[in-house]
Structures are given as C-alpha cells and as structure tokens.
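Note that the structure is predicted; figures quoted are calculated from it, not measured.
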Amino acid sequence: MNYEVLEALGQIAQEKNVDKALVIETLEIGLLSATKRRFGTSDNVEVNIDANSGNIEVFATKSVVKDDEVEDPALQIGLTAAREIEPGVKVNTEVREMLRFADFGRNAIQSTKQILIQRVREAEREKIYEDYQTRIGEIISGTVQQISHGDILINLGRTEAVIPLKEQIRKERYRQGDPIRAYLVNVLRTSKGPQVVLSRTHPQFLVKLFQFEVPEIYEGIIEIKAVAREPGERAKIAVYSNDARIDPVGACVGMKGSRVQAVVRELSNERIDIVPWSDDEAIFLSRSLSPATVNRVVVDRNKTTMTAIVEDDQLSLAIGKSGQNARLAAQLTGWKVDIITETRFQEMQLEKEATFVPLSEVAGVGKVMLDRLEAAGILSANDLVDVSLIRLLEVPGIGESTGEKIQSAAEEIVNVKVQAYREELEAQRAEEAARLAEAEAARLAEEEAARIAEEEAAAAETVAAPDEDGNEPMADEEMELSQDGAAVQPTASEDNQVGGPSEDEGR
C-alpha cells in the first residue's frame, strides 16, 4: 500500500508538472481538513507522511481524564483508553492517539480528495504562469485547436494559448490541427487559469524569425536596429554590422535570398525591405524610402520633422501605394516625414525668401529681446511663428504671457505677407494660364486652317485627275446632252478626228 501511495503521489507530480513535496504538503492539508470534518477540530491533529516509504500516520494529541469525565472526545481521552495506548499514563497528562482512516468516514475522505485535486490544480496553474512569464518575448509553437469568435485557440500541450483577432495577419486562414508559430506577448491571470497571449503581428516576431534564420543576428554580429511592419503586406528592418567585413543586408538576404524568403513564407508572403542603418538621420531616411531615390533631406530638429526631396517622377514611388512606403519609413526612423518634389521645394524656398519678415518688425520685440531671440536661433518673425511656445519660454526674460503676445503679433504680420505673396502668385499663374490658353487657341486655329486648306487642295486634285482611259476631264460647255438627258461624248470634228479621211471620202 505504501508503494502504491508513493507511485500515486509521484504520478500526480509528474502529470501536473509540480513539485512532489508540494503534493505531499497538499495531502497533509487535506487530511487535516478531513479530521476537522469528522471530529470538529484539527488543532490537536498531526499528519506525518514519509516521502521515502509512503507511510501515512495521523495522530491526535488528547488530554487524559478520568473515564467518567470525558466531555469532548476530540480533545480528551479516558484513562483506561489512554493506558491502552501508553501504559502507565496518568490523569492530566497528554497522549498521542493514532487515528484510523476508517474512522474518518466516506465524506471526509472524499473531501480530502477534492482538496488534493484543487490544490494541485492551483499549483499547476501557478507553475504554468511562472514558466510562461519567463518566456515572454519568445516564439511559441503549437497546434490550432479551434476558432472562437475570431480568436485562434492554440494547444500548447500543458495549457492553451490565444491569438486575438487584432494580433492575427488578416489574410491568414487556419483549420483545426494546423501547426502555428507566434510571439509570446503576455501571460494573464484569469479565473480559469493563466491565459497565454500570442501575436503574429508584433514587430518583434519578425526580429525573432530573423534570429532563427540568420546566425550572425543570433550571435550578435549583426543588430536589427529598428522594425516597421504592416502585417501581411510589407515590412522594413534596419540592420547594422558590428564587423566591417560582413555586409548586414547580404547576410540577412542569404544565398539567392534563401534566408529572407524563409521569413517571408512564414509571414504569408509579407514583403520585407532590408535597410542599412545609419546614425545620420538624413542618410537613414534616404535609405528607408527605398526603392525611391531621394535627392536630399532637410532636417527640422525643433519639430522632429524630416522633409525628403525627390524628383517629380519619384514622388509616387516614395509615397508608395496608399502612403505605405512613407508610413513605414516614418515608423522606422521615428521621425515625422514629409515628402515633396524638387519643384515644390523650390516654390517653398521662393515663398520663404519672398515672405521674410525681420524680427524688428514684430510689435513688442525690443532691442534686448531681439538679441536674446537671435542668440536662441530665432532669426526672423517666420521662425518666431514656427517655434514652439515651450522652446520660446526658454529664452531669458520671456514669460508665457509675453511669449504668446509676440508670437501672435509675428503670426499676424507673417500671415499678411504670405497671403499677399500667394495672391500675387495666383494672379501670375492665372495670367500665365490665360496666355497659354490663348496660345493654344491660336495654335488650334492655325491647325484647323491648315486642315481646311489641305482638304480643298485634295478635292481640286481629285477633280483634275484623268479617267481610267487616260482622258482628261472636259469642261462643262463641251458636254452634250442626249435625248434622254444623259451626258454624252460630242462627235469629233474633222480637225479633231483621229486618223485619215473616211473610206467614203477616199473614194
């Protein structure tokens, strides 16, 4: 029996992946609960379970009283019964009585079983929670168990995991029994046990997949500095090599694209751009907007904005379908990104030059304040409009009220000048458009006149052309009408007859 107890305890510990000592401790608690259920108290009860032999003993320490003075059998024992346990014992001493399981009753034993099951289940859940809590950030493999309200339930063996709808790649479809891999993002405590939350859209899922496929990343030779994803559609990763001899992009692509293609297949053909990382923001943005070619980048650190300037024919390529390329580049660099054409940039520069307003023209800006503003890098009223109030308050002598006042004055005067410039520019454009329209109308009129002249010349040539027999067309007065009104060829005169005299004349 003892061997069977040990086997049962060991099997429970193994199946539930909990410590055997915890199972034994839980059994002790269950037996104490059973004694309390049977005898009304367990304060004087002691349970001993030998982990080596499997021997289980339950003792109750009771006070020895005279046989006719026993009031509470759970705490007291008569002298005669006490001497059967320990000969020579006396009244007002204590004796340890061994309790038999048969005395506990069926309900008490069933209660012990339920406590054991419940405590072991709780210990198992806590163990699962702790194990998976330490694995956050890893890729977990499992099998699709079912789809519930759009969420995918994954069987991990010891427990279940879930991929919420928002963490799924939209175009992916799974069936029960399909193998699946995902990134462990969180472990939640719930009333039903630990809830393991997985994701296939997390940017770090892409990083981990590259670690599996590219040994240089796993070893730390190549670093993935930044990741931007639109799951299932397109992604960009910025890579950097700590070894100048190793090309980070080539290492990630692999021989004939084998490494990156393995990642692409796992992500349902998500297109992946691999960009060389640079600590120069402008260079990094230029690379991030690949495959478009960037002429130059203007960096505005005050607004944390970068403006990429491209040729007119590169604008749509730089922005990408539905703005995707620009969005990913902004995510990758961490900056707000504007993309404009070279033509538009030149127009903006001209406007900036034409609408320049000196600080001295701003109401409320005296000589001392002007010097302080210029020392802070605010050189014009235009700069004063663009600068944030927080940065403006860093200028010595400018409080919140003064800052708002001079900014408002600067904005008013700059807006007037900008509005006037744009109206003038719009008038020039309208005038140019009218001139072009007039020129176009004149060109179309010339083309129409030339066309009409060509048609008249062609008609004249058609009238003057010889007939099939080579005869020239006759004038209207040379045509005669037959009796029925049809035009006929006139008879030839003697002078016009072809050949010699007729046979009769010859005679």
Side-chain angles (χ1 to χ4, degrees), residues 137-141 163 166-174 179-185 198-243 246-279 281 283-294 308 310 314 316-335 337 339:
E138 296 182 10
I139 289 182
I140 305 295
S141 299
I163 305 181
K166 65 179 182 179
E167 301 292 345
Q168 300 171 26
I169 297 176
R170 287 184 300 173
K171 62 183 181 181
E172 288 185 337
R173 297 293 181 269
Y174 291 97
I180 190 171
R181 292 198 294 175
Y183 180 79
L184 178 54
V185 292
L198 305 179
S199 172
R200 285 182 59 82
T201 62
H202 199 284
Q204 286 300 311
F205 184 44
L206 181 60
V207 173
K208 290 295 181 181
L209 290 174
F210 268 102
Q211 286 182 355
F212 286 156
E213 299 297 335
V214 183
E216 292 87 347
I217 295 178
Y218 182 80
E219 294 168 3
I221 300 173
I222 294 175
E223 297 180 43
I224 297 180
K225 292 285 191 177
V227 180
R229 283 187 72 190
E230 291 195 357
E233 300 295 334
R234 190 174 180 182
K236 289 179 182 284
I237 64 169
V239 293
Y240 174 77
S241 176
N242 294 312
D243 189 336
I246 297 177
D247 173 24
V249 175
C252 292
V253 171
M255 186 68 68
K256 297 182 179 180
S258 58
R259 292 176 174 177
V260 70
Q261 283 303 317
V263 178
V264 168
R265 285 192 297 271
E266 175 65 35
L267 297 177
S268 300
N269 296 320
E270 183 174 313
R271 181 182 170 187
I272 301 174
D273 298 337
I274 304 174
V275 179
W277 181 81
S278 173
D279 55 2
E281 297 94 343
I283 294 175
F284 187 30
L285 177 61
S286 298
R287 294 172 177 175
S288 300
L289 287 171
S290 175
T293 302
V294 178
V310 300
Q314 292 285 304
S316 60
L317 189 61
I319 294 175
K321 182 180 179 182
S322 302
Q324 185 182 70
N325 197 53
R327 283 196 306 274
L328 290 174
Q331 291 177 32
L332 200 66
T333 59
W335 287 65
V337 175
I339 304 173

Of all the heavy-atom pairs spanning [X] and [Y], show the shortest one and how long it is.
X: Ile274; Y: Cys252; value: CD1-CB, 3.7 Å
X: Arg234; Y: Ser290; value: NH2-O, 3.7 Å
X: Val310; Y: Ala318; value: CG1-CB, 4.4 Å
X: Leu289; Y: Ala326; value: CD2-CA, 4.3 Å
X: Leu332; Y: Ala238; value: CD1-N, 4.1 Å
X: Pro248; Y: Ile222; value: CA-CD1, 3.8 Å

Strictly distance-based, threshold 3.5 Å: is any side-chain N or O of [X] a donor or acceptor partner for the main-chain N or O of [Y]?
X: Lys236; Y: Val275; value: no
X: Thr333; Y: Ala329; value: yes
X: Ser241; Y: Asp243; value: yes
X: Gln168; Y: Ile163; value: yes
X: Arg287; Y: Pro276; value: yes

Starting at [atom1] of [X], measure out to [atom2] of [Y] and round the result to the nearest 0.5 Å.
X: Leu198; Y: Ser141; atom1: CG; atom2: OG; value: 10.0 Å
X: Ile319; Y: Asn325; atom1: CD1; atom2: CG; value: 9.5 Å
X: Ile224; Y: Trp277; atom1: CD1; atom2: CH2; value: 14.0 Å
X: Tyr183; Y: Leu209; atom1: OH; atom2: CG; value: 11.5 Å
X: Asn242; Y: Glu223; atom1: CG; atom2: CD; value: 4.5 Å
X: Ser199; Y: Ile169; atom1: OG; atom2: CD1; value: 8.5 Å

Item to check | By side-chain contact (heavy atoms from CB on, under 4.5 Å) - contacts of Asn269 (at least two apart) | outcome: Val264
Next on the checklist: Apply side-chain contact (heavy atoms from CB on, under 4.5 Å) to residues Phe284 and Lys225 and explain how you reach the verdict.
Outcome noted: CA-CA 11 Å; Phe284 187 30; Lys225 292 285 191 177; over 6 Å; no
Checklist entry - Where do Glu266 and Arg181 land on the salt bridge (Lys or Arg N to Asp or Glu O under 4.0 Å) test, with the steps shown first? => result CA-CA 9 Å; Glu266 175 65 35; Arg181 292 198 294 175; 3.4 Å; yes
Checklist entry - Applying the side-chain contact (heavy atoms from CB on, under 4.5 Å) test to Pro215, which of Gln211, Glu213, Glu219 qualifies? => result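 For Pro215, the side-chain contact (heavy atoms from CB on, under 4.5 Å) test succeeds with only one of Gln211, Glu213, Glu219, which is Glu219.
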Checklist entry - Less than 4.0 Å between a side-chain N and a carboxylate O, is that true for Glu270 and Arg229? => result yes
Checklist entry - Could Glu230 and Arg327 be called an ion pair, given the rule that one side-chain N must be under 4.0 Å from one carboxylate O? => result yes
Checklist entry - Leu285 and Val294: side-chain contact (heavy atoms from CB on, under 4.5 Å), yes or no, with the steps? => result CA-CA 9 Å; Leu285 177 61; Val294 178; over 6 Å; no
Item to check | Partner residues of Arg259 under the side-chain hydrogen bond (donor to acceptor under 3.5 Å, both in side chains) criterion, sequence neighbours left out | outcome: Glu216
Checklist entry - Who are the side-chain hydrogen bond (donor to acceptor under 3.5 Å, both in side chains) partners of Glu172, not counting sequence neighbours? => result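 Glu172 satisfies side-chain hydrogen bond (donor to acceptor under 3.5 Å, both in side chains) with Tyr174, Arg200, Ser268 once adjacent residues are dropped.
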Item to check | Candidate pair Phe205 and Val185, rule side-chain contact (heavy atoms from CB on, under 4.5 Å), full reasoning | outcome: CA-CA 10 Å; Phe205 184 44; Val185 292; over 6 Å; no
Item to check | Side chain to side chain, Ile139 and Phe212, heavy atoms closer than 4.5 Å | outcome: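 Yes, their side chains come closer than 4.5 Å.
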Checklist entry - Heavy-atom distance under 4.5 Å between the side chains of Glu233 and Arg170, does that happen here? => result yes
